[in-house]
Amino acid sequence: MEISRHLQHIRPSYIREILNAAKSPDVISLAGGLPATELLPVKLFAKAMHSITDMPDLFQYGETQGYPPFLDYIDTVYNHSLEMHSIVCNGSQQGLDLIARAFLNPGDKVVVEAPSYLGALQIFGLAQAKILSVNQTMTGPDLNKLESIFALDRPKMFYAVPDFHNPTGLCWSLDTRKAVAQLCQHYRVAFIEDVPYRDLRFTGQQLPLVSSFYKEHSIILRSFSKISAPGIRLGIVSAPSNYLAPMLKVKQVSDLHTNVPMQAVLMHVLKDNAFSQHIDSVCSSYKQRYLTLKKTLSRLQDKGCYFDEVEGGMFVWLRLPDIDSMNLANQLIKRGVAVVPSTVFYHQAPKASSALRLNFTHSSQANFEEAIDKIAQELEHLGC
C-alpha cells in the first residue's frame, strides 16, 4: 500500500536515528537532548508509584483533557488565569502535533527560527504548512526580518524556543521578548512558545515568558521530560479556552487520553518537597558539565571554531569553518563520537550555517576531552 503524499516528503529524524548508533558503549554521545540518567529522580518515582496502589479508579479510562487534580496543580504552579487552561499530552511533542492538526491547513504559513527544533519542522511539514524562517541573533530572532515576514507573508503562527533554544542554547533578551509580543499582536500572529528547558537555568536571571506579554493569542508547550524523566512521556499544552477546545477534539480522536496513573505519579513527584532539591542538583551538575565542555572546546579555537556561552539548558552550538557539517558528523560517528550537524535544524539545508549541536548533559565529563580531541583531529584532516 502506498504511503500518503504528505508523508513522502518528511525526512526521518537524524537525531532519533543517530541515537540508535550512540547506544553502543564504544560511542561517546553528544548528540541527543537526553538528561543525565544517573540524575533521574527514580526514588521519588518509586515512592509516588507506591502511593497510588490503593487508588483503583486511576486505572480506569480517564478524561481527555487530563487527570483533574493534576490539571488543578498545573494551574496553581504556573499561576494560570481563569482564561488559561491545559491539556495533558504524551510529551509536549504531542502538544505541538495537536496545534498543527487543529489550526493548520495545507499552505498555511508558519514562521520558525533558523535554526529551529527538528521535531517542529517535521510536524509543520506533515501538516503541509509553508515554513518561513527568520535568522537568529545573540538576543533572539532578527526583529527587522521578523516584521518584514509578518507584513509581507501574513503567517498564521510563529513557533519559537525562547529559553535555552534548541539547537543553539541561546536565551532571548527581555527587550526581544517584548518586541516579538508587540509584533505578533500588531500583525495578529499566534505565538507558540515551547519551553522544555526553562527550568534548567544554572546562571543568570530568569526572564518572563514571551506569552506573558501576549496572553490572548499564545499557546505554551511545557515538558516534564527534561526535569523529571523522558520515559514517562508527559507534557502539557496551555492556551486560552477558544484555542484549547479544537486541540481537545483532536486529542479525543487521537488517543482518548494520556496515561492517568502516570499523571498521578508525576503529580506526587512534583509536589514532593525533595523535588526542588532534585532540580537544584540537576542544574548544579549541568553547570559543571557545561563549564568542563566549555574549557575543553577552547582547544578548537585555532581550528576556526567558536561558540556562544549559555546560561542553562542542554546544548552548545559549535560554529565551524566553512565545511560540510554532515560529512564531519558522519566521520565522527565512525570514530565513536556522536554529534548532530547543523543542516538538520534548517527547513532549507543549503541556507544552513556550518555548525554542530553538542549536548553536555548526558555524557560524563570524563568523555568530553576524548570527544573534542577527535573533533579536532577530523577538522585537521579537513584542512582546518
Side-chain angles (χ1 to χ4, degrees), residues 33 35 74-81 83-84 86 92 95-96 111-117 120 134-147 150 157-186 189-227 235-240 270 276 279-280 282-284 286-287 290-291 294 307-317 357 360-361:
I74 292 300
D75 286 341
T76 300
V77 168
Y78 294 115
N79 196 27
H80 286 166
S81 65
E83 293 76 26
M84 181 72 76
S86 301
S92 61
L96 187 55
V111 182
V112 301
E113 300 162 284
S116 186
Y117 168 50
V134 58
N135 292 334
Q136 281 188 325
T137 70
M138 282 288 295
T139 57
D142 182 324
L143 295 174
N144 291 328
K145 176 63 174 176
L146 185 65
E147 182 166 19
F150 282 5
M157 61 180 67
F158 175 28
Y159 166 83
V161 185
D163 289 289
F164 314 126
H165 178 260
N166 181 3
T168 65
L170 295 179
C171 205
W172 291 13
S173 70
L174 179 59
D175 288 344
T176 295
R177 292 166 189 256
K178 291 179 178 179
V180 168
Q182 291 171 353
L183 288 173
C184 287
Q185 184 171 31
H186 180 76
V189 177
F191 185 64
I192 315 302
E193 185 164 21
D194 200 353
V195 292
Y197 313 101
R198 182 171 171 82
D199 292 324
L200 299 180
R201 176 176 285 279
F202 46 67
T203 190
Q205 181 179 6
Q206 188 176 75
L207 298 173
L209 292 168
V210 179
S211 52
S212 68
F213 303 110
Y214 187 49
K215 295 179 180 179
E216 63 274 21
H217 294 295
S218 292
I219 301 176
I220 307 168
L221 294 160
R222 292 187 174 94
S223 171
F224 298 102
S225 294
K226 312 305 182 186
I227 61 172
I236 55 174
V237 54
S238 303
L270 298 177
S276 61
I279 293 295
D280 290 343
V282 167
C283 289
S284 177
Y286 288 0
K287 180 179 181 178
Y290 164 68
L291 292 175
K294 173 185 169 182
F307 66 96
D308 301 314
E309 295 195 25
V310 301
E311 297 181 329
M314 291 185 159
F315 307 114
V316 165
W317 188 243
R357 191 193 74 174
F360 56 80
T361 62

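Reckoned from all heavy atoms, side chains included, excluding hydrogens, waters and symmetry mates. Everything numeric in this text was worked out from a predicted model, so none of it was measured.
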Run the numbers on D194 and Y159 for side chain to side chain donor-acceptor pair (under 3.5 Å), then give the verdict. CA-CA 8 Å; D194 200 353; Y159 166 83; 2.6 Å; yes

Does the side-chain contact (heavy atoms from CB on, under 4.5 Å) test come out yes or no for F224 and L270, once each step is laid out? CA-CA 10 Å; F224 298 102; L270 298 177; 3.7 Å; yes

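The shortest non-hydrogen separation linking K215 to P240 is O-CG, 3.5 Å. The minimum heavy-atom distance between G95 and L221, with the atom names listed, is C-CD2, 3.6 Å. Between L143 and A179, the shortest heavy-atom contact is CD1-CB, 3.7 Å. Minimum interatomic distance between P162 and F191 (heavy atoms only, all atoms of both residues): CG-CZ, 4.2 Å. Across all their heavy atoms, D142 and N144 have their closest contact at OD1-N, 3.1 Å. The nearest pair of heavy atoms linking P208 to F213 is CG-CZ, 3.7 Å.
The structure places CG of L96 at 9.5 Å from CD1 of I219, a figure rounded to the nearest 0.5 Å. We find the CD-CD distance between E113 and Q136 to be 5.0 Å, quoted to the nearest 0.5 Å. Taken from CG in D163 to CG in L207, the straight-line distance is 7.0 Å, to the nearest 0.5 Å. M314 contributes atom CE, which lies 4.0 Å from atom OG1 of T361 (distance to the nearest 0.5 angstrom). Note that CD of Q185 is 9.5 Å distant from OG of S218, once rounded to the nearest 0.5 Å. Distance OG/S276 to CG/D199: 12.0 Å, rounded to 0.5 Å.
Side-chain atoms of S212 come within 3.5 Å of backbone N or O of L209 as a donor-acceptor pair. A donor-acceptor pair under 3.5 Å is absent between the side-chain atoms of R357 and the main chain of V316, judged by distance alone. Here the side chain of T137 pairs a donor or acceptor atom with the backbone of G140 at under 3.5 angstrom.
Between W172 and F158, the two ring planes are parallel [angle under 30°; tilted spans 30° to 60°].
Residues D175 and T139 are not in side-chain contact: their nearest non-hydrogen atoms beyond the backbone lie 4.5 Å or more apart. No side-chain heavy atom of S211 sits under 4.5 Å from any side-chain heavy atom of H217. Residues E83 and E216 fail the side-chain proximity criterion, which asks for heavy atoms closer than 4.5 Å. A 4.5 Å side-chain heavy-atom check between M157 and V111 finds every atom pair outside the cut-off.
Between F315 and the options F164, Y117, Y197, a ring-ring contact (aromatic ring centres under 6.0 Å, His included) holds for only Y197. Partner of P141 under the side chain to side chain contact (heavy atoms under 4.5 Å, CB included) criterion, chosen from T176, L183, V112: T176.
Figure legend: cation-pi geometry between R222 and Y78, with NZ or CZ positioned under 6.0 Å from the six-membered ring centre and within 45° of its axis.
For the residue pair S238/S86, the side-chain donor-acceptor check at 3.5 Å is satisfied. Side-chain contact check for E311 and T203: no donor-acceptor pair (N or O, by modelled atom type) lies under 3.5 Å.
Applying the ring-ring contact (aromatic ring centres under 6.0 Å, His included) rule to F202 yields the partners Y290; only residues at least two apart in sequence or on another chain are considered. Remark: D308 pairs with R319 by the salt bridge (Lys or Arg N to Asp or Glu O under 4.0 Å) rule, at least two apart or across chains.
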